[in-house]
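For reference, the structure is listed below as structure tokens.
Quick note: numbers below take in every heavy atom, side chains included, and nothing from hydrogens, waters or symmetry partners. The structure displayed is predicted, hence computed values, not measured ones.
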Amino acid sequence: MRRGGESDPRNKTFMKMFNLVNIGERSGSGVPNIFNTWEDQGWKEPVIEERFDPNRTILTLEFVDKTNKEKAAKKSGEETSE
């Protein structure tokens, strides 16, 4: 899923809906494009989680500035070490 290149829609109903309105290419590039966009925007990297019974693939997207989160974590770590 992360590498792309193989179209394997997780929700076939959504895929059909997107095809009916001429959105979606079935090229397998959707998830890599999401990761690239998040990286370009400087947001926290998306998290892919797979669950079984029932089968689920969860993609968590946060609109959190990666650099601010890293700075806050570093600052928090510095404060607790003093």
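Rounding to the nearest 0.5 angstrom, the gap separating the CZ atom in F14 from the CG atom in N19 is 13.5 Å. A distance of 8.5 Å separates NZ in K44 from OG1 in T60, rounded to the nearest 0.5 Å. To the nearest 0.5 Å, atom CD1 of residue I23 and atom CE of residue M15 are 10.5 Å apart. Here the straight-line distance linking atom CD of Q41 with atom OG1 of T37 works out to 7.5 Å at 0.5 Å rounding.
In terms of heavy atoms, P32 sits closest to S29 at CD-O, 3.4 Å. Between R2 and V31 the shortest heavy-atom distance is CA-CG1, 4.3 Å. Closest approach of P46 and L59 over heavy atoms only: CB-CD1, 3.9 Å.
Counting only distance, with no hydrogens or angles, the side chain of W38 and the backbone of E62 share a donor-acceptor pair below 3.5 Å.
Counting heavy atoms from C-beta outward, I48 and F35 have side chains that approach closer than 4.5 Å. I34 is listed as a side-chain neighbour of L61, based on a closest heavy-atom distance under 4.5 Å. The shortest distance between side-chain heavy atoms of I58 and R51 falls below 4.5 Å.
The pair E39-K66 meets the salt-bridge criterion, with a side-chain N (NZ, NE, NH1 or NH2) lying under 4.0 Å from an Asp/Glu carboxylate O.
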